Amino acid sequence: MTEIARSASGSNGAADGAAAPAAPAADERSYSPGLEGVIAGETALSQVDGARGRLLYRGYRIGDLVERGTYASVANLLWTGDWEPGHRLPTAEVPPAVLDILRALPRDAKPMDALRTAVSAWGATQPLPWPPTVEHARALTAFSPSALAAFARLRSGQEPIDPDPSLDLVEGFLFQLNGQRPDPGTTRALDAYFVVGAEHGFNASTFTARVITSTRSDIASAVAGAIGTMKGPLHGGAPSEVVDQLAKVGSVDRAEAWIRAALDRGERLMGFGHRVYRAYDPRAAALRTVAESMERKPDWLELAIQVEDVALRLLAERHPERALKTNVEYYAAPVLQGVGLTPDLFPATFSLARHAGWTAHALEQAGANRLIRPDVRYIGPSERDLPG
Ligand code: COA
């Protein structure tokens, strides 16, 4: 029993003759740290089936969406529920006021900080009345790739490039980043990464976006908050750490000894294990296929494939009680590096992809809104007098 529950009869500081405040009853309601296992909402957007390793967007299998869709069509599916494979979403201009702010940022600012700042500033330039609309979602999702590309160029002393309305979102992003149109294979690979990153249930950043929306705040505030949440290393993930890990392994004949030693030191293998998936992450499976078919795949992809087998075998040996399988980060790394992104852009690129999910959740939350305001269990001191 907590201290607060025991404190029925102590000094209470009440004026003479006033009734002593009743001690609050012990709070016996259940509490799950991290809200693990707690159902905190309802969604029709995606279904994450961790036991069977399945991910569905509005009922459609992620593998089929990667194969037959594009990011623009998947974003539209999430926003509207309609499957229109030919749907397009070119990138949008960065308003001059936002560009001024990006120019003013230190060149060594983290891309996630720059993106969060840009989204916040964009919100200040737009009328975004309640409730959020599909048009708000489209406009913000189309703006952010231009903003990230602009910052990436400004920090290396280059001028931003205007959007080309003839290009779809992912191709437009690469064009504005590099100043030249990517080849179709490169576009296809990054588009696949955007599709698998678009949406994933009630993860921390999506929950943040829903909490912010539930106060009837606007979609830019919801997404700025979500980016701040995704910035944390426990969420944003680090495909770049997969690259570092493979560099340390070096060659397949060293893999077993290196992995055993790492596990003996209590280290975690990057790109393995997941809070929800107990089977092979379906996003990793889709990205592995994409990575293998890339023209300009990194040299170490073959090594990654061989090391994966060794890692899975040793993880199963070490943790027979817990299925530790490959997660999305493992094969995101070769795709992101293969399309020419520098590792420090990986987390912000993940955020660009997740815009579709965040904004779709903002729409869904607004459509049946109830302020999200849970309770907390008080574990501090009982009521007492100030000293002196
Ligand atoms: N390598 C080695 N051991 C791992 C592991 C990994 N990648 N992931 C989990 N484990 C082990 C833990 O050490 C723990 O062992 P213990 O009980 O002996 O201490 C056990 O498996 C359970 O771990 P737990 O922290 O409960 O798992 P989780 O489901 O909360 O963690 C992750 C999920 C993703 C945080 C975790 O798997 C991890 O850190 N993976 C590596 C980082 C990564 O790839 N992140 C990207 C995720 S998309």
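What you see is a predicted model, and the numbers here were worked out from it, not measured in a lab. Indexing begins at 1, ligand by ligand and atom by atom, following the structure's order.
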A.B. asks: Taking heavy atoms and a distance under 4.0 Å, where does D281 meet ligand 1: side chain, backbone, both or neither?
C.D. replies: neither
A.B. asks: So with a 6.0 Å cut-off around CZ of R68, is the heavy-atom count from everything else above 12?
C.D. replies: no
A.B. asks: May I ask you to list the atoms of ligand 1 that are less than 4.0 angstrom from any heavy atom of G273?
C.D. replies: 34 (C), 37 (O)
A.B. asks: Should the pair H235 and F350 be assigned to parallel (<30°), tilted (30 to 60°) or perpendicular (>60°) ring geometry?
C.D. replies: perpendicular
A.B. asks: Please report whether ligand 1 has a polar contact with L263, defined as an N or O pair separated by less than 3.5 Å (distance criterion only).
C.D. replies: no
A.B. asks: Where the closest heavy atom to atom 23 (O) of ligand 1 is concerned, which of R268, E329, R283, Q245 has it?
C.D. replies: R268
A.B. asks: Is the side chain of T359 donor-acceptor paired with the backbone N or O of A356 at a distance under 3.5 Å, no angle test?
C.D. replies: yes
A.B. asks: Flag yes if V328 and W300 sit in one hydrophobic cluster, no otherwise; membership is Ile, Leu, Val, Met, Phe, Trp, Tyr, and two members link when side-chain heavy atoms are under 4.5 Å apart.
C.D. replies: yes
A.B. asks: Find all atoms of ligand 1 within a distance of less than 4.0 Å from any non-hydrogen atom belonging to G271, and give their numbers and elements.
C.D. replies: 43 (C), 44 (O)
A.B. asks: Can you confirm whether L177 sits close enough to L148 that some side-chain heavy atom of one is under 4.5 Å from a side-chain heavy atom of the other?
C.D. replies: no
A.B. asks: With distance as the sole test, does R254 use its side chain to make a donor-acceptor pair with the main-chain N or O of V249 at under 3.5 Å?
C.D. replies: yes
A.B. asks: For atom 14 (C) of ligand 1, state which one of R275, H319, H200 supplies the nearest heavy atom.
C.D. replies: H319
A.B. asks: With backbone taken as N, CA, C and O and side chain as the heavy atoms from C-beta onward, which portion of R318 lies under 4.0 Å from ligand 1: side chain, backbone, both, or neither?
C.D. replies: neither
A.B. asks: Measure up the F202 and F207 rings against each other and bin them: parallel (under 30°), tilted (30 to 60°), perpendicular (over 60°).
C.D. replies: tilted
A.B. asks: Looking at ligand 1, would L315 count as a contact under a 4.0 Å heavy-atom criterion?
C.D. replies: yes
A.B. asks: Below 4.0 Å from ligand 1: does a non-hydrogen atom of V276 turn up there or not?
C.D. replies: no
A.B. asks: Return a yes/no value for L269: is any of its N or O atoms, backbone included, closer than 3.5 angstrom to an N or O of ligand 1?
C.D. replies: yes
